2 protein chains.
Amino acid sequence: MRKRCRRGQQPAADPMASIASNLSRLVEPVVLYLLATDQAHYGYQFLEAVQDFALTDAEIDSAVIYRTLRALEADGLVVSDWAPGAGGPAKRVYKLTPAGLTHLKLWAQVLDQRGRALVYFAQLCAEL
Amino acid sequence: MRKRCRRGQQPAADPMASIASNLSRLVEPVVLYLLATDQAHYGYQFLEAVQDFALTDAEIDSAVIYRTLRALEADGLVVSDWAPGAGGPAKRVYKLTPAGLTHLKLWAQVLDQRGRALVYFAQLCAEL
DNA sequence: AAGTGCTATATGTACTCTACATATAGGAGA
DNA sequence: TCTCCTATATGTAGAGTACATATAGCACTT
């Protein structure tokens with residue numbers, strides 16, 4: 001059988017997880033939200049905070065976090081500064097810009113709409 | 001500004017649409033559902049049926065439909081047969097297999113879960 | 001001094017999904 | 001013949017991601 005699972009690791013053990021792995025990770029909106037609520041301010045911290053966040057149950061890759069943050073900065077949705085490491089290496093600390101907050105609000109509207117559509121679709125399927 | 005929009009066409013005119021375009025199209029479950037409910041049986045028909053279906057408001061590309069159907073067949077979730085064209089070229093007609101129906105039910109569970117998470121997340125953002 | 005482990009950022013590579021473009025072909029009607 | 005609608009298919013490129021790897025600071029142990 002062809003590999004249906006973009007993200008490997010599951011040896012077809014859990015079909016639910018295998019399907020869920022095909023959904024977008026939505027790292028961008030979660031990162032923006034965590035910044036907006038002061039729950040995380042630099043890459044390594046997001047790595048832990050995002051896992052707790054239930055938008056996806058898959059483990060988020062650190063590479064994705066770091067690249068997402070850089071992309072957000074390139075778009076002016078966040079800004080960064082280096083902070084000396086407190087008992088460890090230096091951190092690149094991020095702050096949300098006004099544009100970033102606006103962007104998060106847009107994400108919220110889109111995700112609400114999409115979420116309702118998904119629930120509705122699931123209900124249609126359940127009636128089969 | 002970097003191109004945030006994987007699917008082009010919007011000239012930054014509608015930021016909502018631009019964000020929504022970053023969401024997965026979820027063509028696979030919709031195709032399975034349309035097959036299960038006898039709403040479509042071949043590629044060109046899915047092309048129209050999928051547009052009406054509100055899981056995504058973006059226009060679905062025909063290439064995606066055809067490749068999705070072939071992939072589903074490679075996995076044994078659907079089977080196909082050629083049917084002579086009624087006033088037009090021949091059609092490759094698809095049927096859902098039992099495995100395909102099972103797969104759709106799994107999709108439904110995953111999407112219900114994900115949908116609720118999205119709505120919840122949107123609500124958290126709205127409280128900002 | 002060297003080794004281990006945690007913190008922290010970053011890049012290289014490969015794969016999937018998708019957008020957009022293009023190719024092919026049958027049939028109907030002008 | 002030309003054009004249009006129906007119908008399937010492939011080529012290519014970009015985005016998002018998984019997995020692997022490289023780097024370095026600091027603390028603690030041996």
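Predicted model, so just to flag it, every value in this text is computed and none were measured. Just so it is clear: chains get the letters A, B, ... in the order the sequence lines come, proteins before strands, and each one is counted from 1.
Between A:Val119 and A:Arg116 there is no side-chain heavy-atom pair separated by less than 4.5 Å. Side-chain contact check for B:Glu73 versus B:Tyr94: some heavy-atom pair is nearer than 4.5 Å. Side-chain contact between B:Leu34 and B:Phe46: present, with at least one pair of heavy atoms (C-beta onward) separated by less than 4.5 Å.
Taking atom CG of B:Leu26 as the reference point, atom C1' of C:dC17 lies 11 Å away to the nearest angstrom. Across the protein-nucleic acid pair, B:Ile65 atom CD1 and D:dT10 atom P stand 16 Å apart, rounded to whole Å. Atom C1' of nucleotide D:dT8 and atom CD of B:Glu48 are separated by 15 Å, given to the nearest angstrom. What separates CG of A:Leu69 from P of D:dT17 is a distance of 13 Å, to the nearest Å. When the C1' atom of C:dT7 is taken as reference, atom NE2 of A:His41 falls 18 Å away, rounded to whole Å. Residue B:Lys91 contributes atom NZ, which lies 12 Å from atom C1' of D:dC5 at whole-angstrom precision.
Between B:Tyr42 and D:dA7, a side-chain N or O to OP1/OP2 separation shorter than 4.0 Å is present. Phosphate contact (OP1/OP2 of D:dA9, side-chain N/O of B:Tyr66, threshold under 4.0 Å): absent. Between A:Arg70 and the phosphate of C:dT9, there is no side-chain N or O to OP1/OP2 separation shorter than 4.0 Å.
With hydrogens and angles ignored, a donor-acceptor pair under 3.5 angstrom links the side chain of A:Arg67 to the base of C:dG12.
Linking ILVMFWY residues whenever their side-chain heavy atoms come closer than 4.5 Å, directly or via other members, places A:Val50 and A:Leu47 in the same cluster.
Residue whose closest nucleotide on DNA chain C sits further toward the 5' end, between B:Val27 and A:Gly87: A:Gly87. Nearest-nucleotide mapping onto DNA chain D: of B:Asp61 and A:Gly88, the residue sitting toward the 5' end is B:Asp61.
Residue B:Ala63 is in base contact, counting any heavy-atom pair closer than 4.0 Å across all strands shown. In this structure, A:Gly85 reaches neither bases nor backbone, as no heavy-atom distance under 4.0 Å exists between it and the strands shown.
Atom CG of B:Leu26 and atom CZ of B:Arg114 lie 9.0 Å apart (nearest 0.5 Å).
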